Amino acid sequence: MNRRLYVALFLALSFASVSRGDDAKSLDGTWLASAAELGGLKFPDDVRKSIKLVIGEGKYTVTVGKEPDRGTVKLDPSQKPKGLDITGTEGPNKGKTILAIYERSNDSLQVCYDLSGKARPTEFKTTQGTRLFLVTYKRVQP
């Protein structure tokens with residue numbers, strides 16, 4: 001249960017209060033996790049399949065199972081890789097800022113979060129002994 005809350009919060013935070021612009025609008029919509037790993041290990045399929053991320057109007061809601069997390073996200077598409085600052089406003093990550101990177105291609109979105117909150121990831125991979133969380137999302141078509 002704690003793992004689900006933790007993941008939900010970070011996912012939600014990664015898309016919170018988005019700075020508006022073409023890049024931000026391209027992330028608006030509903031996304032489902034198609035792959036995930038935490039600290040170099042594959043994330044359990046039963047939990048991954050319950051992850052739903054909704055982004056719109058500069059806010060996000062991420063649900064893992066039935067546990068929602070809400071917040072704001074600040075995108076920085078000028079960084080290489082593109083940066084995300086996620087701040088939780090409701091739920092398990094309330095008051096926390098999580099640094100992440102993201103990459104979108106068509107209907108696929110990849111995000112790597114540093115759940116420790118210490119530093120922004122520099123690449124889209126995780127390693128054992130870290131709190132890096134890598135998720136690939138697929139957009140749900142309306």
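The structure presented is a predicted model; accordingly, all values stated were derived computationally and were not measured.
- If you chain together ILVMFWY residues whose side-chain heavy atoms come under 4.5 Å of each other, Leu132 ends up in a group of its own.
- Looking at every heavy atom in both residues, Pro121 comes nearest to Ala100 through CD-CA, 3.9 Å.
- Residues that satisfy the side-chain hydrogen bond (donor to acceptor under 3.5 Å, both in side chains) test with Lys138, not counting sequence neighbours, are Ser108.
- Cluster annotation: Ile101 and Leu27 are assigned to distinct hydrophobic clusters (Ile/Leu/Val/Met/Phe/Trp/Tyr, side-chain heavy-atom contacts under 4.5 Å, transitive).
- Applying the side-chain hydrogen bond (donor to acceptor under 3.5 Å, both in side chains) rule to Glu103 yields no partners; only residues at least two apart in sequence or on another chain are considered.
- Contacts of Gln141 classified as side chain to side chain contact (heavy atoms under 4.5 Å, CB included), with partners at least two apart in sequence or in another chain: Asp107, Arg139.
- Contacts of Asp45 classified as salt bridge (charged side-chain N to carboxylate O under 4.0 Å, His left out), with partners at least two apart in sequence or in another chain: Lys42, Arg48.
- For the side chain to side chain contact (heavy atoms under 4.5 Å, CB included) test, no residue two or more places apart in sequence or in another chain qualifies with Ser105.
- Ser78 is linked by a side-chain hydrogen bond (donor to acceptor under 3.5 Å, both in side chains) to Asp76, counting only residues two or more places apart in sequence or in another chain.
- Atom-to-atom distance recorded for Ile98:CD1 and Phe133:CZ is 10.5 Å, nearest 0.5 angstrom.
- Checked options Leu134, Val135, Thr126, Leu99; the residue passing with Tyr113 is Val135 (criterion: side chain to side chain contact (heavy atoms under 4.5 Å, CB included)).
- Using a 4.5 Å heavy-atom threshold, the side chains of Thr127 and Lys125 count as touching.
- Remark: the backbone N or O of Thr136 is paired with a side-chain donor or acceptor of Ser34 at under 3.5 angstrom.
- One finds the OG1 atom of Thr130 at 7.5 Å from the CG atom of Leu38 (value rounded to the nearest 0.5 Å).
- With Arg70 contributing its side chain and Lys94 its backbone, the two residues share no donor-acceptor pair below 3.5 Å.
- Rounded to the nearest 0.5 Å, atoms CG (Leu75) and OH (Tyr102) are 4.5 Å apart.
- Minimum interatomic distance between Lys52 and Thr30 (heavy atoms only, all atoms of both residues): CE-CG2, 3.8 Å.
- The two residues Gly65 and Ser50 come nearest to each other via the heavy atoms N-OG, 3.1 Å.
- Shown here for Ser26 and Arg104, the closest heavy-atom pair between the two residues is OG-NE, 3.1 Å.
- One hydrophobic cluster, built from ILVMFWY side chains closer than 4.5 Å, holds both Val47 and Val111.
- Hydrophobic cluster membership of Leu32, counting Ile, Leu, Val, Met, Phe, Trp and Tyr whose side-chain heavy atoms lie under 4.5 Å apart directly or via other members: Val140.
- By the side chain to side chain contact (heavy atoms under 4.5 Å, CB included) test, Lys118 pairs with Asp114, Ser116, sequence neighbours left out.
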